[in-house]
Peer 1: 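One structure is given below, represented as structure tokens, and several questions about it will come after.
We name chains A, B, ... by the order of the sequence lines, and we start the count at 1 in each one.
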Amino acid sequence: GQSLEQPSEVTAVEGAIVQINCTYQTSGFYGLSWYQQHDGGAPTFLSYNALDGLEETGRFSSFLSRSDSYGYLLLQELQMKDSASYFCAVRERERGSSNTGKLIFGQGTTLQVKP
Amino acid sequence: DAGVIQSPRHEVTEMGQEVTLRCKPISGHDYLFWYRQTMMRGLELLIYFNNNVPIDDSGMPEDRFSAKMPNASFSTLKIQPSEPRDSAVYFCASSLERGGSKNIQYFGAGTRLSVL
């Protein structure tokens, strides 16, 4: 089966840097994504890594190491509005199918940013 | 584009009643997903469609749940009869088929269902 592990909660102060880790076990890995969800809102896409290395998008960066089945989301210059839940998700192939549209989401990490 | 549109935004019903949730995906998207989110179980994939065809419904809890996608611009998730444990936020999402775009799912605002 497939599984993803990420910390349940992280707390940091405004202006700081925080890293949210994600380890996964899955077959037919096709990429690691990150989504943000504010309380009462819908998940929104943040970033995606298909290959090893770091992807940077403004204050957010995402890293992937396929050999370690590990990735992380790095948030810099934290702002109060970054308080939200962050989900990692892996894309995998359906068994007995060439279809790879399915994402498996982790349980989410709740980030609390304090003044 | 207006994004993924779900209706209703809130639904309160009594146990045993039928509930129908609706979703309009982003025009041109090839995949449509139905998720359920609760504090206890997190974000669960219920079923997804590719080009209107159901691909994987292994996440559908039981026979009380059914989903249809009669055309590329509309899908429904039906619960009959509803039970209090079905109370959750139900999200619809859509994505494109092409390569890395499959990793980018666009979520609707969700339907908050309360079954009394």
Peer 1: Does CZ in A/Arg66 sit with more than 12 non-hydrogen atoms of other residues, nucleotides or ligands closer than 6.0 Å?
Peer 2: yes
Peer 1: Could you name each residue pair satisfying disulfide (SG to SG under 2.5 Å) that touches residues 35-88 of chain B, not counting sequence neighbours?
Peer 2: none
Peer 1: Tell me, side chain or backbone of B/Gln37 under 4.5 Å from chain A's heavy atoms, or both, or neither?
Peer 2: side chain
Peer 1: Are there more than 12 heavy atoms of other residues, nucleotides or ligands under 6.0 Å from atom CD of A/Gln19?
Peer 2: yes
Peer 1: Using non-hydrogen atoms only, which part of B/Tyr35 is less than 4.5 Å away from chain A: side chain, backbone, both, or neither?
Peer 2: side chain
Peer 1: Taking atom CZ of A/Phe105 and atom CD of B/Glu44, what is their separation to the nearest 0.5 Å?
Peer 2: 13.0 Å
Peer 1: Distance check, rounded to the nearest 0.5 Å: B/Asp56 atom CG versus A/Lys102 atom NZ?
Peer 2: 4.0 Å
Peer 1: Rounded to the nearest 0.5 Å, how far does CZ of B/Phe33 lie from CG of A/Leu103?
Peer 2: 6.0 Å
Peer 1: Taking CD in B/Glu83 as the centre, count heavy atoms belonging to other residues, nucleotides or ligands within less than 6.0 Å. Is the count above 12?
Peer 2: yes
Peer 1: Has A/Gln79 got more than 12 heavy atoms of other residues, nucleotides or ligands less than 6.0 Å from its CD?
Peer 2: yes
Peer 1: If you link ILVMFWY side chains whenever their heavy atoms are less than 4.5 Å apart, which other residues fall into the same cluster as B/Met39? By chain and number, please.
Peer 2: none
Peer 1: Please check if the distance between the ring centroids of B/Phe107 and A/Phe45 is under 6.0 Å.
Peer 2: no
Peer 1: Heavy-atom pairs under 4.5 Å with chain B - which of A/Pro43, A/Ser33, A/Gly31 has more of them than the others?
Peer 2: A/Pro43
Peer 1: Can you establish whether the number of heavy atoms outside A/Asp39 located under 6.0 Å from its atom CG is more than 12?
Peer 2: no
Peer 1: So which heavy atom on A/Ala42 is nearest to which on B/Gly108, and how close?
Peer 2: CB-O, 3.1 Å
Peer 1: Can you tell me how far CZ of A/Phe87 sits from CG of B/Leu43, rounded to the nearest 0.5 angstrom?
Peer 2: 6.0 Å
